[in-house]
Amino acid sequence: MSQTMVGAVSAELMAELETFYAHQMPLMEEQLFEAFAETFVEDCVFGYEGAWSVQGRTALLEGMRANIPRYGGATLRHWFQNRRAELLEDGAIGVTVTSLATITQPDGRVTLEPTCVVRDEIVRTAEGLRTRSRMIKHDLPNEGIYFGLGAGHE
Amino acid sequence: MSQTMVGAVSAELMAELETFYAHQMPLMEEQLFEAFAETFVEDCVFGYEGAWSVQGRTALLEGMRANIPRYGGATLRHWFQNRRAELLEDGAIGVTVTSLATITQPDGRVTLEPTCVVRDEIVRTAEGLRTRSRMIKHDLPNEGIYFGLGAGHE
Amino acid sequence: MSQTMVGAVSAELMAELETFYAHQMPLMEEQLFEAFAETFVEDCVFGYEGAWSVQGRTALLEGMRANIPRYGGATLRHWFQNRRAELLEDGAIGVTVTSLATITQPDGRVTLEPTCVVRDEIVRTAEGLRTRSRMIKHDLPNEGIYFGLGAGHE
């Protein structure tokens with residue numbers, strides 16, 4: 001089948017990426033951390049630009065288990081927008097999105113986390129698409145402000 | 001035409017679903033309840049998991065007319081994310097999304113409803129795609145909390 | 001290649017539009033006003049329904065430079081939903097979306113602007129897709145209420 005290219009990326013790949021993210025993010029949100037970590041490659045990088053990053057799926061999993069419980073009984077959800085994909089020289093797919101995170105408290109109140117830009121590198125493996133690296137940068141003067149906010153701040 | 005499959009669902013079907021929802025949800029938001037109900041099949045189910053549901057397009061229409069006016073002059077909008085589609089055994093399409101609803105008051109204030117997960121079954125009819133069932137589950141300990149919040153709560 | 005039509009619009013065109021907007025909106029949000037204006041045709045129209053509009057890329061650029069700085073160090077982001085596209089009689093593409101704008105303050109607080117409906121006309125040029133006209137209508141009794149809110153109001 002010939003492919004209509006969208007920039008350097010086909011409509012088929014855009015749909016495949018949409019489906020990949022649609023499965024990946026609810027795993028984190030529903031605290032299925034092992035299944036979430038499985039959507040990354042073994043030697044992945046996950047971090048915050050100019051702040052810190054972890055390397056490897058085990059470190060990612062430990063980081064998730066240590067940090068997400070700070071939300072307590074609240075539910076974190078992510079709203080991605082402006083997905084732009086490009087083929088990188090080594091064959092990986094560079095994906096950039098803007099993201100908004102909501103936190104729904106058990107009593108129904110909803111708070112918003114600062115918006116951010118997420119830059120991913122996605123690779124195709126025998127098991128399907130996987131995230132090779134994810135770097136997050138909030139729309140703040142520096143990432144320290146984000147980490148100082150606490151969870152579910154108002 | 002050969003189809004590139006996205007999971008079990010083609011890029012073409014993903015785009016068709018996107019267009020279906022893009023037309024369906026504004027009908028409800030703009031209180032065009034009859035046109036909204038027409039996007040469901042005659043013997044549809046619409047409900048909230050563990051709480052209640054209505055059966056049939058007439059009951060859905062009556063429910064909309066009874067409940068949506070509680071928003072008064074405010075405008076309800078829905079923001080869907082993470083659309084995952086799969087072909088069900090009977091040929092219907094199972095669709096799961098996360099959803100955020102905003103309420104814009106006539107004076108410009110915006111409030112947020114608790115986030116939720118929407119599970120739809122979509123079928124292809126002579127008139128195009130139609131919703132056969134929609135079950136909603138908010139990110140709350142139970143649906144009663146949602147119904148206790150009132151409209152446009154802050 | 002045969003095209004599966006989505007309404008009057010193919011899955012390929014939907015993906016192309018998605019990519020167009022995914023590039024266009026961050027240019028405005030990141031205050032790259034010249035690059036943003038370049039995504040419009042030279043004799044574009046940009047305005048608010050029932051309020052005012054500007055004509056031409058130069059006027060659009062001047063309007064951006066005059067108005068966006070009111071957000072100060074805050075970051076404006078847009079969240080589009082329900083993209084509906086149709087082919088217009090003159091070959092342009094009519095696109096309607098609902099939009100939510102967030103404003104992230106430098107201290108991390110996030111406020112919401114009233115939701116709105118954006119109606120675009122998109123044309124294909126030698127440089128790719130470009131916006132020929134954009135008309136915005138907020139979910140408010142009139143646009144004056146929006147302009148009276150100020151930036152980053154709470």
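In what follows, chains are A, B, ... by sequence order, proteins preceding strands, each numbered from 1. Predicted model only: the values in this text are computed from it and were never measured. These values consider heavy atoms only, across backbone and side chains, with no hydrogens, waters or symmetry-generated copies.
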- Message: Walk me through whether C/Glu113 and C/Ile103 qualify under side-chain contact (heavy atoms from CB on, under 4.5 Å).
- Response: CA-CA 8 Å; C/Glu113 300 219 320; C/Ile103 302 167; 3.3 Å; yes
- Note on the structure: Max heavy-atom pairs within cutoff under 4.5 Å with chain C, candidates A/Ile145, A/Val97, A/Thr96, A/Thr98, goes to A/Thr98
- Message: Is C/Gln24 in contact with chain A via its backbone, its side chain, both, or neither, using a 4.5 Å heavy-atom distance?
- Response: neither
- chain C contact via A/Val117 - side chain, backbone, both or neither, heavy atoms under 4.5 Å: side chain
- Query: Do A/Thr102 and A/Trp79 have side-chain N/O donor and acceptor atoms under 3.5 Å apart?
  - Reply: yes
- Rounded distance [0.5 Å steps], SG in C/Cys44 versus CZ in C/Arg132: 11.5 Å
- If you count heavy-atom pairs under 4.5 Å between each of C/Pro106, C/Ala74, C/Gly73 and chain A, which one has the most? C/Pro106
- Check the angle between the aromatic planes of C/His138 and C/Tyr146 and answer parallel, tilted or perpendicular using the 30° and 60° thresholds. parallel
